[in-house]
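None of the values given here were measured: they were computed from a predicted structure.
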Amino acid sequence: MRLPPLHFSPVGGTGDYPAWVRELRGHSGAYVIAVTQPGAASVVAYVGESHTSNLYETMTRHFQRWARAKKFWAGYSGRTDAPGVWYQRRRCLAAAVTTTPEEAIVLQDALIRVLSPRDNIIGQVTTDETVPF
């Protein structure tokens, strides 16, 4: 799969999301979240997708504190809680590509392979053979 160009933009600090984020409502696709580091290059932190026309909701949940309903994360890698992955909006840039529902998962997988995001667990090689589910 040939990857589309990614155009990273701020997601804002507080309040309403920028227009480009709001325009993701009702679409399927993949997204990339990069965390800015003071005095250093941004780090690609997470790649996700929505194949159910919920790209806006799926991406923006990562900018809100939330907890997973399933508790399989508790105790994994020394964790005592079960957090979802979330990021401070003011420190992030994001890019999103709208696709058909069928293409969203394929694009997400390709982006994970190419970008090796810091916080994605699925699709990355580890030396720990235990799986939290």
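- The nearest pair of heavy atoms linking Q64 to W86 is O-CB, 3.3 Å.
- Residue I112 comes nearest to P117 through the heavy atom pair O-CD, 3.6 Å, listed as atom of the first residue, atom of the second, then distance.
- To the nearest 0.5 Å, atom CG of residue L107 and atom CD of residue E102 are 13.5 Å apart.
- Each of I105 and Y46 belongs to its own hydrophobic cluster when Ile, Leu, Val, Met, Phe, Trp and Tyr are linked at side-chain heavy-atom distances under 4.5 angstrom.
- Across all their heavy atoms, P5 and V97 have their closest contact at O-CG2, 4.3 Å.
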Margin query: Between L115 and L6, is the side chain to side chain contact (heavy atoms under 4.5 Å, CB included) condition met? List the steps.
Written below: CA-CA 11 Å; L115 300 175; L6 297 174; 4.1 Å; yes
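- Cluster annotation: L3 and V44 are assigned to the same hydrophobic cluster (Ile/Leu/Val/Met/Phe/Trp/Tyr, side-chain heavy-atom contacts under 4.5 Å, transitive).
- Side-chain N or O atoms of T36 include one that pairs as donor or acceptor with a backbone N or O of R91 at under 3.5 Å.
- For the pair A94 and M59, the tightest heavy-atom approach, listed with the atom from each and the gap, is CB-SD, 4.2 Å.
- Identified under the ring-ring contact (aromatic ring centres under 6.0 Å, His included) test for residues 23-42, with sequence neighbours left out: Y31-H62.
- Within the 3.5 Å criterion, the main-chain N or O of V47 finds a donor-acceptor partner in the side chain of N120.
- Residue L55 comes nearest to A96 through the heavy atom pair CD2-CB, 4.5 Å, listed as atom of the first residue, atom of the second, then distance.
- Within the 3.5 Å criterion, the main-chain N or O of V11 finds a donor-acceptor partner in the side chain of R89.
- For the side chain to side chain donor-acceptor pair (under 3.5 Å) condition, the pairs that include at least one residue of residues 6-25, sequence neighbours left out, are R25-Y56.
- Of all non-hydrogen atoms in G29 and T99, the two that sit nearest each other are CA-OG1, 3.4 Å.
- Under the 4.5 Å side-chain contact rule for hydrophobic residues, V114 and V32 share a cluster.
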